[in-house]
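Let me begin by presenting the structure, written as structure tokens, before commenting on it.
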Amino acid sequence: MKHQIGNQNIIMGILLFSSIVIGISIYEMIPLSNLLSTKFTISATTAVQANSLFSLGYAIGFLTVTPLWKRFKNNRKIFFLNLLLASIVTVILGFVNNFELFLILRVLQGIFSSFFGPIAFASVLKLIDPKRITFANSLITSGFVISSIVGQIYSTSIYQLINWQFIFIFQAILLVIILLLLWHTIPSLPSPNDHVSISSSLKTILSNKILLKQYYITFTLLFSFVSMYALVSANNFIAINHIMQFRIYGLIGIITAIIILSKISGNNQTFALRLSLLSVSIGFIILSIVRNEVFLTIGSIIVAFGIVLSLPLVVSIIGSAAISQNRSLAIVLYTFILFIGATLGPIVTNYLNQNFGVVISFSFLAVLTLIGAFCSTTVKPHS
């Protein structure tokens, strides 16, 4: 029994590390908007939009995951081929001088990386003890949020110490490392729902009011989180010599949330989700009204805490609300919506920031997450 738990801990550790490496691409360009503007002679607004293209590609990739999974029996090969292509595209990104080509490659980088999420969640269902599945899912989703801080620190450090091109070179090496690790971890997974059409499953999912409410919450989470760092960066709220510490402090909220998640039972998930979304809203209210670096940092920690706590709870509630035949597609749709939010967040809030100011921008995010708190609904698990 102890040996089995030890193996599961190793698997969960590898999946957490892999989600951080994949997620770095979402956030690595946020601190480098000025570099993009200078290198490619583009406006700051265009640079912000360019930063979102990885998330757009990631979201688009999910539209192909389930059809390919159903069509090919050996989905492991499809998964690892896409990770290999992601590493190749990532290397090329470091040597591109044409802005249009850079945008195309960022989208492709996201598309090839998108196979990780659905297969990682499916692997958890097969490899992890049912009592630990919620915690395992929380590690995967938390990895995407941890990468928000790690990614910004990673890209800033390499840019300052070496050269911006090495951001992509080192990242490609990390992708190859996780490819090798996952090759020995991810099992051969059966094609999901062979007897159920995707269109039929999708119709059932989108007619489920509980799932629709959870998808609204899903959309707001990375939408808000990526927007927070983009707004702080765009408005120069934190002194340049303090920005690294500001990002690192966000780990306090993330680690606290992960610890609390391991203590939450299924019966308390809805209540915990409401509280976590309320904390996100409170964090954004703090960010909208204060300009002191200490209180800005506290606000960002509260937001990070609430979002990391929310993500796996939403996954768990979606898994309970969806019938077994549609569960895999419901999780795929969750991840698709999550990254659509990450794509649109900086674009929408950049527009609000330029036209209405940062107070309105943060207040908008606070309202979005507050509405989400009232969307939380208790569900009875389906078989």
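Put simply, the side chain of Ser316 never gets that close to the backbone of Leu313: no donor and acceptor are under 3.5 Å apart. Side chain of Tyr215 to main chain of Ala330: a donor-acceptor pair is present (N/O by atom type, distance under 3.5 Å, no hydrogens or angles).
Checked against side-chain contact (heavy atoms from CB on, under 4.5 Å), Leu180 has the following partners two or more places apart in sequence or in another chain: Val176. Remark: Phe99 pairs with Phe40 by the ring pair (Phe, Tyr, Trp, His ring centres under 6.0 Å) rule, at least two apart or across chains. In this structure, the side-chain contact (heavy atoms from CB on, under 4.5 Å) partners of Gln160, at least two apart in sequence or on a different chain, are Thr156. Remark: Phe284 engages no residue in a ring pair (Phe, Tyr, Trp, His ring centres under 6.0 Å) (not counting sequence neighbours). Applying the ring pair (Phe, Tyr, Trp, His ring centres under 6.0 Å) test to Phe166 and every residue at least two apart in sequence or in another chain returns Phe170. Legend: residues meeting ring pair (Phe, Tyr, Trp, His ring centres under 6.0 Å) with Phe219, ordered by chain and number and at least two apart, are Phe223.
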Report, one line per pair, each donor and acceptor closer than 3.5 Å where one atom sits in a side chain of residues 13-22; sequence neighbours left out.
from, atom 1, to, atom 2, distance (Å)
Ser18, OG, Ile14, O, 2.8
Ser19, OG, Leu15, O, 3.3
Ser19, OG, Leu16, O, 2.8
Ser19, OG, Ile140, O, 3.2

Only distances under 3.5 Å count here; give the side-chain donor-acceptor pairs of residues 289-298 to other protein atoms, sequence neighbours excluded, each with its distance to 0.1 Å.
from, atom 1, to, atom 2, distance (Å)
Arg291, NH1, Leu287, O, 2.8
Arg291, NH2, Ser288, O, 3.3
Asn292, OD1, Val294, N, 2.8
Asn292, OD1, Phe295, N, 3.3
Glu293, OE1, His242, ND1, 2.7
Glu293, OE2, Ala239, N, 2.9
Thr297, OG1, Glu293, O, 2.8

Would you mind writing out the side-chain donor-acceptor pairs for residues 343-359 within the sub-3.5 Å range, not counting sequence neighbours?
from, atom 1, to, atom 2, distance (Å)
Thr343, OG1, Ser55, O, 3.4
Thr343, OG1, Leu56, N, 2.8
Thr343, OG1, Phe339, O, 2.8
Thr349, OG1, Ser227, OG, 3.3
Thr349, OG1, Gly345, O, 2.7
Asn353, OD1, Asn235, ND2, 3.4
Asn353, OD1, Val358, N, 3.4
Gln354, NE2, Thr45, OG1, 2.9
Asn355, ND2, Tyr351, O, 2.8

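The salt bridge (charged side-chain N to carboxylate O under 4.0 Å, His left out) analysis of residues 231-245, with sequence neighbours excluded, yields no pairs. Applying the salt bridge (charged side-chain N to carboxylate O under 4.0 Å, His left out) test to residues at least two apart or on different chains, the pairs with a partner in residues 28-56 are Glu28-Arg106. Listed by first and then second residue, the side-chain hydrogen bond (donor to acceptor under 3.5 Å, both in side chains) pairs involving residues 164-186 are Ser25-Gln171 (not counting sequence neighbours).
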